[in-house]
Trainee: 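The structure is given below, and queries will be raised subsequently.
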Amino acid sequence: MFKIPAHTLFVGRNLVYVPECHSTNSLLSEMLQLEPVPEGTVVITSNQTAGRGLRSNRWWAEPDANLTFSLLVQPHFLTAQRQFVLTQWVALAVAETLDRFIPGVARVKWPNDLLLEGKKVGGILIENALSGDVISQSIVGIGLNVNQREFSFPGATSMSLVTNRFFDLNGVLEVLLEELEKKYFSIRAGQELKGAYLDRLLGREQARLFRDGNGLFSGVIQGVSPEGKLLVDRAGKLHAYQLKEIEFVFDDR
Ligand code: BTN
């Protein structure tokens, strides 16, 4: 069903395809407990039955219509404090893949939702293992809505819905794996992706509505801290929020 990419050095050279599984992140994690798995291994399925997302959410994807896969990397060059670099890496790789097929419209909603026309087209779940202070292993799970045409959640979309076309899943996967590898080499070489990530960030430097534990408030996203907290200016004072502490009340405009 899915092919090994033609132009990568390590990403996807070991491509494990399973027609159906519960969650590719969980399956890759289970494989790692049984045997050594080479870096760059991709576990991909056509039918993920219990996909997992951030904040304990589920990830729903119609069988045979979308990309649901997990990639193994061993980013020993990153300390735990710098793990947000991985989010920036993957979010930008997915955004730039979307640009190749649908030029110029992909945005990132902090921390790692991929949006087309204000709706969610992709999600990322990165699960790290630490060795001392260093990230020894990272399972990068990516869900990208490609050809699905109907969603029960109104805030979701797909590449096909946005363009009214159908896409070759293998073609999209190949470009995405190439982008992931190219950008992985960049972060490994110490290149900063923060600027490019901020350029894609939805709502940056615009007054928008948010909700925190105390209710609704208006704020302006100023950026993201090195640990990945969202920096929001509230009436002239900068606040740093973790994922569970803040909710966006706005959509893309
Ligand atoms: C989110 O938006 O909350 C993240 C969704 C991540 C979904 C992908 S699909 C492939 C991989 N396996 C999973 O169980 N989850 C990720």
Side-chain angles (χ1 to χ4, degrees), residues 1-2 11-12 14-33 37 40-73 83-84 86-95 97-98 106-116 118-129 137-148 151-159 169-170 172-173 176-177 179-180 197 200-202 228 230 242-248 251-252:
M1 168 82 199
F2 290 100
V11 168
N14 183 31
L15 190 85
V16 180
Y17 170 68
V18 286
E20 179 177 300
C21 75
H22 45 320
S23 150
T24 55
N25 268 39
S26 304
L27 182 58
L28 182 48
S29 163
E30 286 153 23
M31 285 165 59
L32 281 157
Q33 277 159 31
V37 177
T41 291
V42 166
V43 174
I44 186 161
T45 186
S46 298
N47 184 18
Q48 184 170 250
T49 55
R52 297 187 285 111
L54 290 180
R55 297 181 163 112
S56 310
N57 285 333
R58 292 286 296 272
W59 182 259
W60 302 102
E62 193 179 288
D64 299 312
N66 301 301
L67 292 178
T68 44
F69 69 92
S70 303
L71 162 68
L72 176 71
V73 287
Q83 53 187 290
F84 196 67
L86 294 174
T87 298
Q88 291 171 345
W89 157 53
V90 183
L92 284 173
V94 180
T97 299
L98 287 166
R107 311 288 300 278
V108 176
K109 183 171 169 186
W110 177 84
N112 51 13
D113 283 357
L114 273 301
L115 304 189
L116 283 180
K119 294 187 171 187
K120 184 160 172 172
V121 68
I124 298 164
L125 180 65
I126 300 176
E127 296 180 300
N128 294 326
Q137 164 188 299
S138 183
I139 295 178
V140 175
I142 299 176
L144 186 63
N145 298 333
V146 182
N147 290 323
Q148 185 166 337
F151 293 90
S152 47
F153 170 57
T157 194
S158 69
M159 293 171 64
L169 282 183
N170 239 313
V172 179
L173 177 69
L176 180 47
L177 296 182
E179 287 292 340
L180 283 163
Y197 176 85
R200 296 261 180 192
L201 202 59
L202 180 70
L230 189 68
Q242 286 180 3
L243 186 61
K244 290 188 180 128
E245 296 171 340
I246 189 165
E247 200 185 310
F248 292 64
D251 287 324
D252 197 4

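Ligands are counted one by one from 1 in listed order, and the atoms in each one are counted from 1 as well.
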Trainee: At what distance, to the nearest 0.5 angstrom, does CG of Leu125 lie from CH2 of Trp59?
Mentor: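 Answer for the CG-CH2 pair, Leu125 versus Trp59, is 10.5 Å.
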Trainee: Yes or no: does Lys120 have any heavy atom under 4.0 Å from an atom of ligand 1?
Mentor: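 Heavy atoms of Lys120 do come under 4.0 Å of ligand 1.
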Trainee: Between Asn14 and Thr41, does any side-chain donor sit less than 3.5 Å from a side-chain acceptor?
Mentor: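 Distance-only check passes for Asn14 and Thr41.
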Trainee: Which ligand 1 atoms does Gly53 reach within 4.0 Å, using its non-hydrogen atoms?
Mentor: 1 (C), 3 (O), 4 (C), 5 (C)
Trainee: In terms of atom number and element, which parts of ligand 1 are under 4.0 angstrom from non-hydrogen atoms of Arg52?
Mentor: 5 (C), 6 (C), 7 (C), 13 (C), 14 (O), 15 (N), 16 (C)
Trainee: Identify the closest protein heavy atom to atom 9 (S) of ligand 1: which residue and atom is it, and at what distance?
Mentor: Gln48 NE2, 3.3 Å
Trainee: Of the backbone atoms (N, CA, C, O) and the side-chain heavy atoms from C-beta on, which set of Asn57 has a member under 4.0 Å from an atom of ligand 1: side chain, backbone, both, or neither?
Mentor: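 Contact part for Asn57 vs ligand 1: neither.
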Trainee: If we set the cut-off at 4.0 Å for heavy atoms, which region of Arg55 has an atom near ligand 1: side chain, backbone, both, or neither?
Mentor: neither
Trainee: How close does the nearest protein non-hydrogen atom get to atom 5 (C) of ligand 1, and which residue and atom is it?
Mentor: Trp59 CE3, 3.5 Å
Trainee: Going by side-chain contact (heavy atoms from CB on, under 4.5 Å), name the residues that satisfy it together with Asn112, two or more places apart in sequence or in a different chain.
Mentor: Leu54, Thr87, Ile124
Trainee: To the nearest 0.1 Å, how far is atom 3 (O) of ligand 1 from its closest protein heavy atom, and which atom is that?
Mentor: Leu54 N, 2.7 Å
Trainee: Within the 4.0 Å heavy-atom shell around Ser23, which atoms of ligand 1 are there?
Mentor: 12 (N), 13 (C), 14 (O)
Trainee: With a 4.0 Å cut-off on heavy atoms, does Ile124 reach ligand 1?
Mentor: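 Checking ligand 1 against Ile124, which is what was asked, there is a heavy-atom contact under 4.0 Å.
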Trainee: I'd like to know if Arg52 and Glu127 make a salt bridge, using a cut-off of under 4.0 Å between side-chain N and carboxylate O.
Mentor: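 Yes, this pair counts.
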Trainee: Below 4.0 angstrom from a heavy atom of Gly51, which ligand 1 atoms are there? Numbered from 1 as shown, please.
Mentor: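 Counting atoms of ligand 1 from 1, those under 4.0 Å from Gly51 are 14 (O).
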Trainee: Identify, by atom number and element, the atoms of ligand 1 in contact range of Thr24, meaning under 4.0 Å from any of its heavy atoms.
Mentor: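 It comes down to these atoms of ligand 1: 10 (C), 11 (C), 12 (N).
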Trainee: Within this structure, what is the CG-CZ distance for the pair Asn170 and Phe2, rounded to the nearest 0.5 Å?
Mentor: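 These two atoms lie 6.5 Å from each other.
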Trainee: Between Ile126 and Ser138, is any pair of side-chain heavy atoms under 4.5 Å apart?
Mentor: yes
Trainee: Which of the numbered atoms in ligand 1 are below 4.0 angstrom from a heavy atom of Phe69?
Mentor: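 So the atoms of ligand 1 that pass are 10 (C), 11 (C).
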Trainee: Provide the closest heavy-atom pair for Thr45 versus Cys21 in the form atom of the first, atom of the second, distance.
Mentor: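 Closest pair (atom of Thr45, atom of Cys21, distance): OG1-N, 3.5 Å.
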Trainee: What atoms in ligand 1 come closer than 4.0 Å to a heavy atom of Gly143?
Mentor: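 Selected atoms, number and element: 8 (C), 9 (S).
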Trainee: Could you report the tightest heavy-atom contact between Gly228 and Trp110, atom names first, then the distance?
Mentor: O-NE1, 3.0 Å
Trainee: Among Leu180, Leu67, Leu114, Val121, which residue satisfies the side-chain contact (heavy atoms from CB on, under 4.5 Å) criterion with Val94?
Mentor: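 Of Leu180, Leu67, Leu114, Val121, side-chain contact (heavy atoms from CB on, under 4.5 Å) with Val94 is met by Leu114 alone.
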